[in-house]
2 protein chains.
Amino acid sequence: MNTVERLVEYGIKPSVQRIAIMEYLMTHRTHPTADEVYMALCDSMPTLSKTTVYNTLKLFVDQQAALMLTINDKNVHFDGDTSLHSHFFCRKCGRVFDLPFSGKKREARELQIEGHAVEEIHHYYKGICKECSEKESLV
Amino acid sequence: MNTVERLVEYGIKPSVQRIAIMEYLMTHRTHPTADEVYMALCDSMPTLSKTTVYNTLKLFVDQQAALMLTINDKNVHFDGDTSLHSHFFCRKCGRVFDLPFSGKKREARELQIEGHAVEEIHHYYKGICKECSEKESLV
DNA sequence: AAACAATATTGTAATCATTACAAATGTGCA
DNA sequence: TGCACATTTGTAATGATTACAATATTGTTT
């Protein structure tokens with residue numbers, strides 16, 4: 001499925017900017033912040049506005065075409081992969097890594113927990129990533 | 001265990017402000033924001049500064065005497081209950097609810113996942129809480 | 001193809017939670 | 001008592017995000 005099809009599938013009218021931002025999310029599985037998306041695209045799209053990036057990412061999240069990760073208190077990360085999976089946040093380098101979903105399979109199908117209507121499941125881990133751990137042990 | 005003992009246990013020198021803030025966290029399991037803690041205490045402690053609340057909560061988190069919940073992108077919530085449990089965030093009323101830990105028991109003991117050093121486990125759910133769901137269905 | 005309405009994008013100016021910082025205060029000990 | 005150190009305080013930044021109004025784009029109707 002290409003980018004335009006994906007947008008349409010989620011009820012999003014494709015535009016040059018929306019295609020570029022979704023394209024970036026799909027090809028860069030780095031869980032970028034809005035600012036990182038803007039910085040990556042503004043060279044090839046000099047007229048791109050940061051507001052558009054924010055608006056567009058918000059639209060994607062509202063339409064469930066992307067996930068908003070509030071894993072870091074400094075800024076929000078976005079994930080174009082909406083399949084059920086977990087995350088690891090490194091407090092040293094600030095990167096977000098994907099992990100296979102760590103919960104019980106049953107849980108993923110539950111629409112209610114203790115009477116609350118569940119719309120999103122977020123499982124994440126914080127610590128020091130493999131690379132940063134290895135660097136640290138060299139010191 | 002009383003509040004002062006708890007602070008000392010976590011290597012935190014007790015002060016009037018620290019005791020009051022920890023006391024508040026222990027007796028109000030509402031996962032308050034820094035501002036909510038400040039608002040709740042400033043009447044009985046007129047000289048309390050918001051900076052102190054922020055500093056103190058950060059100290060608690062650093063010393064692992066409290067948890068920082070980045071469950072909401074608007075502001076950070078704090079939890080005085082550091083035992084392993086999950087959370088539910090209601091996107092309607094903004095409240096945070098406790099849930100029993102939803103993960104696998106084994107997982108809680110793992111210090112590494114795919115080579116990353118795990119320091120914190122965060123499992124949370126987003127949606128509409130029981131109370132808000134019931135209110136909505138009356139309309 | 002012009003005219004129009006609806007939608008999307010842009011730039012700038014707020015907002016507001018959080019932090020930096022330096023002055024003031026409090027605490028413990030020689 | 002006085003001095004070193006830790007803590008608290010108030011104010012002024014910071015910086016991510018949003019509000020808003022102007023501009024541009026798109027699709028539709030004649």
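Just the heavy atoms: all of them, side chains too, but no hydrogens, waters or symmetry mates, feed the values below. Chain naming here is simple, since letters A, B, ... match the order of the sequence lines and numbering starts at 1 in each.
The salt bridge (Lys or Arg N to Asp or Glu O under 4.0 Å) pairs that include a residue from residues 20-47 of chain B are R29(B)-D81(B), D35(B)-K50(B), where partners are two or more places apart or lie in different chains. Residue pairs meeting the salt bridge (Lys or Arg N to Asp or Glu O under 4.0 Å) criterion with at least one member in residues 54-66 of chain B, sequence neighbours excluded: K58(B)-D62(B).
Between H31(B) and H85(B), the ring-plane angle classifies as tilted under the 30° and 60° cut-offs.
Between M22(B) atom CE and dT7(D) atom P the separation is 15 Å, expressed in whole Å. Distance L57(A) CG to dT9(C) C1': 14 Å, rounded to the nearest Å. To the nearest angstrom, C1' of dT18(C) lies 15 Å from CD of E36(B). For L59(B) and dT9(D), the CG to P distance is 14 Å, given to the nearest whole Å. Atom pair N72(A):CG and dT18(C):P shows a separation of 13 Å (rounding to whole Å applied). What separates CZ of F60(B) from P of dT7(D) is a distance of 12 Å, to the nearest Å.
Within a 6.0 Å sphere centred on CD of E120(B), other residues, nucleotides and ligands contribute more than 12 heavy atoms.
For L48(B), whose side chain is taken as the heavy atoms from C-beta onward, the closest listed nucleotide among dT9(D), dT7(D), dT9(C) is dT9(D).
Side-chain contact between Y38(B) and T33(B): absent, with no pair of heavy atoms (C-beta onward) separated by less than 4.5 Å. You'll find the side chain of E131(A) reaches within 4.5 Å of the side chain of R95(A), heavy atoms only.
A search for side-chain contact (heavy atoms from CB on, under 4.5 Å) contacts involving N2(B) returns V4(B), E5(B), not counting sequence neighbours. Considering only residues two or more places apart in sequence or on other chains, S102(A) meets the side-chain contact (heavy atoms from CB on, under 4.5 Å) condition with S86(A), H123(A), Y125(A), E107(B), H123(B).
Phosphate contact (OP1/OP2 of dT7(D), side-chain N/O of S15(B), threshold under 4.0 Å): absent. At the phosphate of dT10(C), OP1 or OP2 sits under 4.0 Å from a side-chain N or O atom of T47(A). Distances shorter than 4.0 Å separate none of the side-chain N or O atoms of Q17(A) from OP1 or OP2 on dT25(D).
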Close N/O contacts between protein and nucleotides 14-24 of chain D (under 3.5 Å):
unit_1	atom_1	unit_2	atom_2	d
dT17(D)	OP1	V76(A)	N	3.0
dT17(D)	OP2	Y54(A)	OH	2.7
dT18(D)	OP1	K74(B)	NZ	3.0
dA19(D)	N6	T51(A)	OG1	3.4

Annotated protein contacts, base or backbone, on nucleotides 22-30 of chain C with a non-hydrogen cut-off under 4.0 Å, one of B, S, - each: ---------
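Considering all non-hydrogen atoms of both residues, G94(B) and F89(B) come closest at O-CE1, 3.4 Å.
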